[in-house]
Chemist: 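Below is a structure I'd like to ask you about.
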Amino acid sequence: MSKSTYINGKWEESASGLSREVINPATGEVIAEVGYGGAAEATSAVAAAYDAFPAWKSLTVYKRAGYLSGIAAVIRENLEELSKILTSEVGKTLPEAMGEMNAAADQFEWYAEEVKRSAGDVIPNRLDDKRHMTIRHPVGPVAAISPWNFPILLSSRKIAPALAAGCTVINRPASQAPLTMIRVVELTEALDLPPGVLNLVVGHPGECSDVFIGDERIKKISFTGSLDVGRSLAVECTKRMKKISLELGGHSPFLFLPDVPVEEAAEAAVFAKYRNMGQVCISASRFFVHNSMKKAFEEEVVKRVSILRIGNGLAPESDVGPLFEEKRVQDSLNFVEDIRQKGGKILWGGKKPEGQKYEKGYFFEPTVVTDITDDMAILQEEPFSPIMPIIGYDAIDEAIAMANNTPYGLAAYVKTNNLKWTIECAEKLEAGIIGINDCSPAAAQCPFGGMKKSGTGREGWKQGLESYYETKYISIGF
Ligand code: NAD
């Protein structure tokens, strides 16, 4: 059993002796058995993060930035090894895994620089005998809870700004996919971060979060995951007046406006849908296509999807990998069955691929569906599936209204070269991230987060750092 809990600069055995298997989604094989902690490990990690906080926050930002740059370098130097681990535990193709690892390194690099410019203010005084200023104060030890679909990037989006601001951190990654994070922490040991500054607990979600929320020594929870879990953690935090930031689900619309050549539109749609097989919080999941081009769009999309090669993400010839777990396959089958029963049409895919090489893994065919109606589950729930539902429209305002008809507001995409429509869509679409002719808008130096039920606050950009600070206002009377 491999060690998975890193507290106060040391790897610990699980106190209960429990372990969890990590499964390769492409083969169904167990690739590791890792220690599985709970309340005991979470409590030790809280103590370590609390004890390390005073010294860490007192370091100059230049010293903290030095550690962050070191973490970025460690990730980049070990990119290939880390990316292979990531593909083996999550299923995404190797180029996608490398993209994620680089994006994680970007977080550490960006915040190493940004923190040097995060100054307080000197505020002009109204009265002669007073002077006013603000300084930044780190919120304190933070618990960072992250999901499986981008296990390194999403943990890094929390760890990097928190450490930069002077907070100490406990990361609890999803226990089904902890291996890449374990390896990153192992590699960062060479940097001699002070013990307790960065802690890792792989363990029971409810037990750990109960400790993090209930213990007064943790000052903030930063959560990325589903709406339901986020909401329940937020309720518990609110009862205790504990800060929480939430990055939750999405159901992102993609609007194809009538000026766009249909081949270009189809190319963008296929890229937007099948990255990480639709298991991306900002995945486009509702495709609104002008009725003048809908038929041709469907044909062009199917032409492209039909030649996508499905396989183990480690194989260079694979264009798309497996889904993450059996439940994702079952959910996808259920969506397709629901579409079929309610009169929708399956244009491509809709089932597990056939053949010996697909027997053991969690494979599903990239799927294209049309004749979609509002009552179908694919429009009602966040799909997290490789299914592209195509919906026709006549007027742009009608498409915008349908796009906004969801409780979520994480991302929205538009394909157009018309300036007026660009501005109209950017202004009217209810989403925190708008990609105009850009299907992968996330970047460390830009704000990431949602409107409506997709979350509170933003990660990335300066806002990502702000959320780990308290503003202290100092008024000096002469
Ligand atoms: P999830 O909510 O099931 O799990 C997220 C994290 O919370 C994991 O670490 C999990 O172990 C933990 N968790 C689960 N149940 C818990 C509980 N009862 N108490 C405390 N912790 C608990 O989500 P998931 O299936 O891992 O990830 C997919 C979801 O995450 C999707 O909804 C997706 O849109 C969302 N997501 C959002 C973003 C974003 O930045 N907005 C990014 C990626 C994923």
Side-chain angles (χ1 to χ4, degrees), residues 4 20 22 34 36-39 42 89-90 92 100 103-104 107 143-158 170-178 181 200-214 218 221-237 244-252 275-285 323-328 331 381-385 406-411 431-433 440-444 446-461 463-464 467:
S4 57
R20 280 288 179 279
V22 180
V34 296
Y36 191 68
E89 66 176 339
V90 176
K92 61 182 70 179
E100 178 176 348
Q107 296 288 331
I145 302 173
S146 37
W148 54 265
N149 65 329
F150 282 77
I152 283 298
L153 173 57
L154 300 177
S155 294
S156 302
R157 262 196 203 143
K158 302 175 184 312
I170 305 164
N171 178 220
R172 202 199 70 77
S175 29
Q176 312 99 303
M181 196 63 212
L200 182 70
V201 175
V202 176
H204 189 278
E207 277 188 32
C208 294
S209 63
D210 282 354
V211 170
F212 299 149
I213 295 172
I218 292 293
I221 308 290
S222 175
F223 174 81
T224 299
S226 61
L227 171 58
D228 286 348
V229 175
R231 187 179 4 225
S232 71
L233 298 188
V235 167
E236 294 309 313
C237 283
I244 181 165
S245 56
L246 298 162
E247 294 288 338
L248 307 176
H251 206 334
S252 305
R275 186 163 74 99
N276 203 17
M277 285 296 266
Q279 303 166 117
V280 187
C281 56
I282 57 167
S283 240
S285 45
L323 296 182
F324 177 59
E325 54 194 354
E326 183 57 39
K327 180 182 179 316
R328 300 251 47 78
D331 285 357
E381 298 163 25
E382 181 187 23
F384 240 53
S385 282
T406 164
Y408 292 109
L410 189 52
I433 302 162
S440 54
C446 298
F448 188 100
M451 293 167 61
K452 294 155 80 176
K453 289 194 168 49
S454 286
T456 56
R458 294 291 182 272
E459 295 188 325
W461 179 229
Q463 284 165 288
S467 73

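Each residue takes its place number in the sequence, starting with 1. Both counts, for ligands and for their atoms, begin at 1 and track the order of listing.
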Chemist: Kindly determine whether Asn171 and Ser146 satisfy side-chain hydrogen bond (donor to acceptor under 3.5 Å, both in side chains), including the steps that lead there.
Modeler: CA-CA 8 Å; Asn171 178 220; Ser146 37; 3.3 Å; yes

Chemist: Starting at CD1 of Ile433, measure out to SG of Cys281 and round the result to the nearest 0.5 Å.
Modeler: 7.0 Å

Chemist: Evaluate Glu382 for polar contact with ligand 1, using N/O atom pairs at a separation under 3.5 Å.
Modeler: yes

Chemist: Looking only at protein heavy atoms, identify the closest one to atom 13 (N) of ligand 1 and say how far it is in Å.
Modeler: Pro205 CB, 3.6 Å

Chemist: I'd like to check Ile145 versus Leu233 (side-chain heavy atoms, cut-off strictly below 4.5 Å). Are they in contact?
Modeler: yes

Chemist: List in chain and number order the residues that pass salt bridge (charged side-chain N to carboxylate O under 4.0 Å, His left out) with Glu89, two or more places apart in sequence or in another chain; answer none if no residue qualifies.
Modeler: none

Chemist: Tell me the contacting part of Asn149 for ligand 1: side chain, backbone, both, or neither, using a 4.0 Å heavy-atom threshold, strictly below.
Modeler: side chain

Chemist: Just need the protein heavy atom nearest to atom 26 (O) of ligand 1, so name the residue and atom and give the distance.
Modeler: Trp148 CD1, 3.1 Å

Chemist: Is ligand 1 less than 4.0 angstrom away from at least one heavy atom of Arg172?
Modeler: yes

Chemist: For atom 23 (O) of ligand 1, what is the closest protein heavy atom, and at what distance to 0.1 Å?
Modeler: Ser226 N, 3.5 Å

Chemist: List every atom of ligand 1 that sits less than 4.0 Å from any heavy atom of Leu410, numbering the atoms from 1 in the order shown and giving each element.
Modeler: 41 (N)

Chemist: Mind checking whether Tyr408 and Lys452 have side chains closer than 4.5 Å, heavy atoms only?
Modeler: no

Chemist: Below 4.0 angstrom from a heavy atom of Glu247, which ligand 1 atoms are there? Numbered from 1 as shown, please.
Modeler: 37 (C), 39 (C), 40 (O), 41 (N)

Chemist: Taking heavy atoms and a distance under 4.0 Å, where does Val280 meet ligand 1: side chain, backbone, both or neither?
Modeler: neither

Chemist: Heavy-atom distance from atom 15 (N) of ligand 1 to the protein below 4.0 Å?
Modeler: yes

Chemist: Does Pro151 reach the side chain of Glu100, with side-chain heavy atoms less than 4.5 Å apart?
Modeler: yes

Chemist: Taking heavy atoms and a distance under 4.0 Å, where does Phe223 meet ligand 1: side chain, backbone, both or neither?
Modeler: side chain

Chemist: Any idea which protein heavy atom is nearest atom 19 (N) of ligand 1, and the distance to it?
Modeler: Ser209 OG, 3.6 Å

Chemist: Find all atoms of ligand 1 within a distance of less than 4.0 Å from any non-hydrogen atom belonging to Leu154, and give their numbers and elements.
Modeler: 42 (C), 43 (C)

Chemist: Which ligand 1 atoms are under 4.0 Å away from a heavy-atom of Ile145?
Modeler: 6 (C), 7 (O), 9 (O)

Chemist: Name the orientation class of the two ring planes belonging to Tyr36 and His204 (parallel below 30°, tilted from 30 to 60°, perpendicular beyond 60°).
Modeler: perpendicular

Chemist: So which heavy atom in the protein is nearest atom 18 (N) of ligand 1, and how far is it from that ligand atom?
Modeler: Val229 CG1, 4.4 Å

Chemist: Taking the side chain from Ser155 and the backbone from Ile152, do they hold a donor-acceptor pair closer than 3.5 Å?
Modeler: no

Chemist: So which protein heavy atom does atom 42 (C) of ligand 1 come closest to, and at what separation?
Modeler: Cys281 SG, 3.0 Å

Chemist: When you look for heavy atoms under 4.0 Å from ligand 1, do you find them on the side chain of Ser146, its backbone, both, or neither?
Modeler: backbone

Chemist: Hey, is Thr224 touching ligand 1 through its side chain, its backbone, both or neither, going by heavy atoms under 4.0 Å?
Modeler: both

Chemist: Should Phe150 and Thr224 count as side-chain neighbours, where that means a heavy-atom distance under 4.5 Å?
Modeler: no

Chemist: Does Leu248 approach ligand 1 within less than 4.0 angstrom via side chain, backbone, both or neither, non-hydrogen atoms only?
Modeler: backbone

Chemist: Nearest protein heavy-atom contact for atom 27 (O) of ligand 1: which residue, which atom, what distance?
Modeler: Pro147 CB, 3.4 Å

Chemist: Could you measure the distance from the CZ atom of Arg458 to the OG atom of Ser245? Nearest 0.5 Å is fine.
Modeler: 11.5 Å

Chemist: State the CG-CZ distance between Leu200 and Arg172, to the nearest 0.5 angstrom.
Modeler: 10.0 Å

Chemist: Tell me if a side-chain donor or acceptor on Gln279 pairs with a main-chain N or O of Phe324 at a distance below 3.5 Å.
Modeler: yes

Chemist: Looking only at protein heavy atoms, which one is nearest to atom 35 (C) of ligand 1, and what is the separation?
Modeler: Gly225 O, 3.2 Å

Chemist: In this structure, does ligand 1 have an atom that sits under 4.0 Å from one of the heavy atoms of Phe384?
Modeler: yes

Chemist: May I ask you to decide if Ser285's main-chain N or O and Ser252's side chain share a donor-acceptor pair within less than 3.5 Å?
Modeler: no

